[in-house]
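Reminder, nothing fancy here: chain letters follow the sequence lines and each chain counts from 1.
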Amino acid sequence: MNNLKIVRWFAKRSIFVVLLVVLSLGSFLSVVPEIFAADIPVVAAKANEGATSGVELPQFESGQSSADSQLPGGQSAAGEGTATAAIEEEEMAPVQYRTFFGLDPRTVVWIVSELHLMFAAFVLGVPIFAVIVEIVGFKGGDIKYDKMAKEFTKLLSAAFATTASFGGLLGFCLFGLYPEFMGHMTNVFSPTMYVYALMFFGEAFTLYGYYYSWEILKGTAAKKWFHIFLGIMLNLFGTGLMFLTNSWATYMMSPAGIVPETGRLVSLYHAVYNPLWMPVNIHRLIANVCFGGFVVGAYAAVKFLGAKSDEERAHYDWMGYVGNFIGVGALIPLPFAGYWLGREVYSASPVMGNIMMGGAFSWTFIIQAILIGMLFIGANYYLWLGMGRIKGSERYTRFFKYLIFIIFVSFAVWLTPHNLPLSGEERAMIGEQYHPFSKYFGVMAAKNAVVNLIILATFFSFLIYRRGNKGEMCSFSEQGKAGKIGIFSALIFCLLMLISYAISLNFVELEENIKVFVKPLILSLYIQSFVVCLAAFLTFKNKGKLGQALLFAVTACIAVLYFWYYGFQVMQKANLVLRYLSVTQVSIVMSCLIMNAIIDVFMFRKAKLVGGIVWGKMPARSQYALILLCVVIVILMGLMGFIRSGLRMDWHVYGVLQDTSQWAYTPTLSYMGRIVGLIVVLFLGLVAFVFWLANLGDKKENKKTNTYEYERVTADYEGDR
Amino acid sequence: MNKSMLKITAFGIAVIGFYIYITMYVAGLSGTGSGESAGGVSPEAGEKIFWGDGQCSTCHKIGTSGSATRGPDQEGLASRAEERAKELGMASGLDYLVESIVDPDKYIVKGYDKIMPRVYDPPIMLSREKILAVLAFLQTLGGEPDIGALMKYKDKIPEASKKKVKPWVPPIVVDAAEGEKVFFDETRPVTCGKCHVVNGKGKKVGPELTGIGAIQTAEYFIESILKPSAKIVKGYETMYVITTDGIPYNGLIKSETEDELVLLKEESGEIEEVVIPKPEIAEMKKQEVSIMPGNIGELLSVRDFYGIVSFLQSLK
């Protein structure tokens, strides 16, 4: 089909598509028929709720009647004194809320902001991916990396415009539908909004510069480095933009730098650097890389499934592998970042923390567990299937059954709710409000333990995948300086992480009777430090495998088994120690992952190959695993967005500016499910459309000359892993 | 669209469909139903409001759920309400519950103070529907919910207040963060954190103050600091104990067993534990005096005083 035909085809059907979307939206959201309804002024908006703003303007004088109204600037209207004046004032009352052509504004903002956020995640995550891939290609002299990086930057430029369009729509929606709230936000953040606009220019210029200068800046190392510099600047601008918008979003959850009673700005620095800012920054940064990786994986899977030649299949199989590798790589530390964020939510507001984990939102974490479980299972399944294309990997397939068992049991524990709603009769039968057996699997101690076990199991899957076609290893002394420096660097990093935290635990301010519960944590950190040293020592003595096994075993014993048990003890006797226990657990697992990965890299660096990798020889179901990962990460993002935003309950700015509109309720899980489902369909549909648009120009060209030069079978790709 | 794209689309839609099914299933499991909001007049919605927006759990517990003691334990409330209604000559227990929420000062349970705020007024500002939902939930505590009967009381329940909240502004510029420092500053002669817990920090001698800003006003805090005995939270009344040797003690009961009584008594700004064997107790009675020192106002500067009030107000 040529381009003209495509355009005609689209034009013919577009009216039906638009109609279908409008009808679907209408029925989906159960809209009221009053389309094009007028603005809802403050009084009408509260017909059902009857509540007014929880925040008054400044300058309240003690003893003033609470019924007195105030004019802007703090002048009291009392004393104007007539009923007419009061009526006029009410008529002139500023609009707090409007509807979106009759649609519920909250749901409209929800959908638009989530779509904007998803595109933004793609636009921020993929450049990180692209620049890393470009550097790897440049340093390794492998042209296919460079081509893949460029292919994704091309998609990026098309997605960037869509992101910006959604950003504009979101801005208009917020200012139009929530004028009072946005007035507050503008009062607090207006200087940062100009910085945001300037950085947006920076991102746009570097993105287009990065893409369009790709071919021009080739040829010399200096030119290529300049091109990479542009890519890094693109990432810096993108990250800066994300950090700025994060400050607005997190301020709404944990406002700081203002006088809560009046909303007056005291410190812009504190408003930006509010308690949740940095945890959300880190969480989103890692999540964006993960998101970018899985979207790339799915793109490759779609291309693989539609490929016409073995060369194409080999290329997209390899691309899918790289996407999945980056996605899983970022997925592993994500629960740690998430835990930190959750802990800070508790610290910022225990009420919000309780709403999150023990209140209205606790059930959403069951759904989150299902989705994250699907991600880990999908990623492992893809790796296992991937071993089918590696000759020599048969040696490791016996581990699959154990890994499946570990992952599914861990998943089941993770899914176990702390408590199920019990009727009075059931409660009487049980004799307590919690189930006598399942309650032990529902608490955080158990969940933290199994999450770490899943992470260790996934990491093990990755290690055996790496080793698939590796045979006899050479002596460690043959690895030269690089091997020694690599192992030493990893060792020092791990020791610094473990020992510095162990030392800091000695100085935590706790009462003596509680502080004794910290001592086992310190001991565990020292034991792990010793084992990390031992693993490095054994590697130098050509017994790296033993070192790795030892490190795995000790980590599993401490971080999973012992901390599972000890977590219960701490919960019952010294709840305050839980936060230190979790950080200890994370540090121990991280040290295991880092040290084992580095040992594995240097141990097998010059190992003999048992067989090659037949890129492209993958069953279709492996590609569906990649697509599953992409769809699930998009759903997960939608779900977590709902949780993060919903935790504010009926507050625009938590504890400061109340949402007094009739839509200020927490949607049920099923309604949330439908809306998030709709958002995911819209996002994936739009991504497919944008990708199709981006590739439109290449179709004809590709038909004439397929420039990819890949080996069908190979060790050629061996170095990629 | 080629065959592989059709398959991919179908697969993607199946995954999203599975997710929507899971959310509906979990919604059913959690009792939040499949409607648009967790609102509406139902015991489930009311239970959420009780532990959430309504802030009821700041003062009330239900059996083993919650730990607040400012207000009466709500376990078996519906059946107790029926008994009270009979004593007061009311038609039903529901009458009593509605009246107790609409006008909290009307019936005060013996041993408790007039501290319950009007939940339809700021800062809680529950809508009529939410109050009805809470009532539906309260009906389940020792009884059966009867939404039909409940809805007949709809017009008796005021709509949420339309009064604008006039924020209390201290007479001088103070910072709540500074107030927090003073609250926990152990270098001072008296430290609030030695007796009150806020967000897990401090010692639990007096009532916990986490979330107190959501239910009490600045005026209440000022009075409580300057005149601690004016309003004593239930469960924190001072006990007056005279031993058989004639030694008198004033303090809070920390624990009590068949053999001994552990009292917390204030001595020069410090809290000390006194263990008194039960056989040695000659007399024991509740006092209308708080263990909290009455001279805190004199020990704080004006800025520190208002800083603490601002800090307490920010605890929402």
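Contacts of B/Tyr21 with chain A are absent, with no heavy-atom separation under 4.5 Å from either backbone or side chain. Of the atoms belonging to A/Val631, it is side-chain heavy atoms, and not backbone ones, that fall under 4.5 Å from chain B.
Using a 4.5 Å cut-off on side-chain heavy atoms (C-beta onward), B/Val15 and A/Ile635 make contact.
Taking CD1 from B/Ile20 and OH from A/Tyr671, the interatomic distance works out to 12.5 Å, rounded to the nearest 0.5 Å. Rounding to the nearest 0.5 angstrom, the gap separating the CD1 atom in A/Ile367 from the OG1 atom in B/Thr23 is 5.5 Å. Rounding to the nearest 0.5 angstrom, the gap separating the CD atom in A/Gln623 from the OG atom in B/Ser4 is 11.0 Å. How far CD1 of B/Ile22 is from CE of A/Met374: 8.0 Å, rounded to the nearest 0.5 Å. Here the straight-line distance linking atom CG of A/Leu305 with atom NZ of B/Lys3 works out to 12.5 Å at 0.5 Å rounding. To the nearest 0.5 Å, atoms OH (B/Tyr25) and CD1 (A/Ile370) are separated by 9.5 Å.
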Next item on the list: Would you please test B/Tyr19 and A/Val632 for side-chain contact (heavy atoms from CB on, under 4.5 Å) and show each step?
Entry: CA-CA 9 Å; B/Tyr19 161 74; A/Val632 171; over 6 Å; no
Next item on the list: Would you please test B/Phe11 and A/Leu628 for side-chain contact (heavy atoms from CB on, under 4.5 Å) and show each step?
Entry: CA-CA 8 Å; B/Phe11 179 72; A/Leu628 173 81; 3.9 Å; yes
